[in-house]
Amino acid sequence: MQPSDTPPDTPPAIPPVTIRPAVPADTPALGKLGALLMRLHHDFDPQRFIEPPPGAEQGYGAFLKSQLKEEDVMVLVAERDGKVLGYAYAAIEGWDYMALRGPAGVLHDLVVHPDERGQGIGQLLLDAALEALAARGVPRVVLSTANENEAAQRLFARAGCRRTM
């Protein structure tokens, strides 16, 4: 056996994940993931979160596609072998007196397809979103999670986020 040969019992290498800006062709995948996020939250707390309406995939996809043109918005996708595995949606916002905060980057969505979770894809998306917001000079980044979404809370805590509400 040569040193470069892979032993027969070694699993095949998983291709790397690429993080990139979303493009209009990603709309169907973004819509499915956005509707998945809606379902997840509704399942956490149906009294707090809306149930995804019929056509939620198309509606969420169309919304995110419309955001691609906005100067102060970023939609990033995690992709492997041409397949969108997850996305992050963030925006730069001004003063918000209802939230009692000054200008900030706001991470609105971060979702990874359930079949792809546990591989660090959420961390890659979060890191890329935070880096993109920092590069734009935001003084702070805020986000919120469902109380029941402990996995997301652990991810955000590892990134240095702290609870404020």
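These figures come from a predicted structure and were not determined experimentally.
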Could you state the interatomic distance from [atom1] ([X]) to [atom2] ([Y]), rounded to the nearest 0.5 Å?
| X | Y | atom1 | atom2 | value |
| --- | --- | --- | --- | --- |
| F156 | L130 | CZ | CG | 9.0 Å |
| Q153 | S144 | CD | OG | 10.5 Å |
| L110 | L155 | CG | CG | 6.5 Å |
| L133 | R140 | CG | CZ | 12.5 Å |
| I19 | L124 | CD1 | CG | 5.0 Å |
| D109 | L143 | CG | CG | 11.0 Å |

Mind telling me whether W95 and Y97 have parallel, tilted or perpendicular rings, with 30° and 60° as the class edges? parallel

L107: which of V142, L125, L126 passes side chain to side chain contact (heavy atoms under 4.5 Å, CB included): L126

Taking V84 as the starting point, is it possible to reach V111 by hopping between hydrophobic residues whose side chains are less than 4.5 Å apart? yes

Applying the 4.5 Å side-chain criterion to the ILVMFWY set and letting contacts propagate, would L76 and L33 be lumped into a single cluster? no

Using every non-hydrogen atom in the two residues, find where [X] and [Y] come nearest and quote the distance to one decimal.
| X | Y | answer |
| --- | --- | --- |
| A35 | P52 | O-CG, 4.2 Å |
| G34 | Y87 | CA-OH, 3.5 Å |
| R101 | G94 | NH1-O, 2.9 Å |

Given H41 and E51, is the side chain to side chain donor-acceptor pair (under 3.5 Å) satisfied, shown in steps? CA-CA 9 Å; H41 282 82; E51 184 172 4; over 6 Å; no

Working note: H108 + E93, criterion side chain to side chain contact (heavy atoms under 4.5 Å, CB included); need CA distance, chi angles, decisive distance, verdict. CA-CA 11 Å; H108 292 288; E93 298 182 3; 2.9 Å; yes

Tell me, with the steps shown, if R48 and E148 meet salt bridge (charged side-chain N to carboxylate O under 4.0 Å, His left out). CA-CA 12 Å; R48 160 60 179 91; E148 295 81 359; over 6 Å; no

Would M38 and I50 count as a side chain to side chain contact (heavy atoms under 4.5 Å, CB included) if you check the C-alpha gap in whole Å, the side-chain angles of each, and the deciding distance to 0.1 Å? CA-CA 7 Å; M38 291 179 74; I50 62 171; 3.6 Å; yes

Given side chain to side chain contact (heavy atoms under 4.5 Å, CB included), test E70 with I92 step by step and report yes or no. CA-CA 10 Å; E70 298 297 323; I92 299 170; over 6 Å; no

Under the rule for side chain to side chain contact (heavy atoms under 4.5 Å, CB included), what residues qualify as partners of A22, not counting sequence neighbours? D26, L30, L68, V75, V77

Between R80 and E116, is there a side-chain N and carboxylate O pair less than 4.0 Å apart? yes

Would you call R136 and E131 a salt bridge, using N to O less than 4.0 angstrom? no

Are Y89 and F63 close enough that their ring centres sit under 6.0 Å apart? yes

Just by distance, with hydrogens left out, do Q123 and D127 show a side-chain donor and acceptor under 3.5 Å apart? yes

Would you check, one step at a time, whether the test side chain to side chain contact (heavy atoms under 4.5 Å, CB included) holds for L85 with E79? CA-CA 6 Å; L85 311 174; E79 176 185 69; 5.9 Å; no

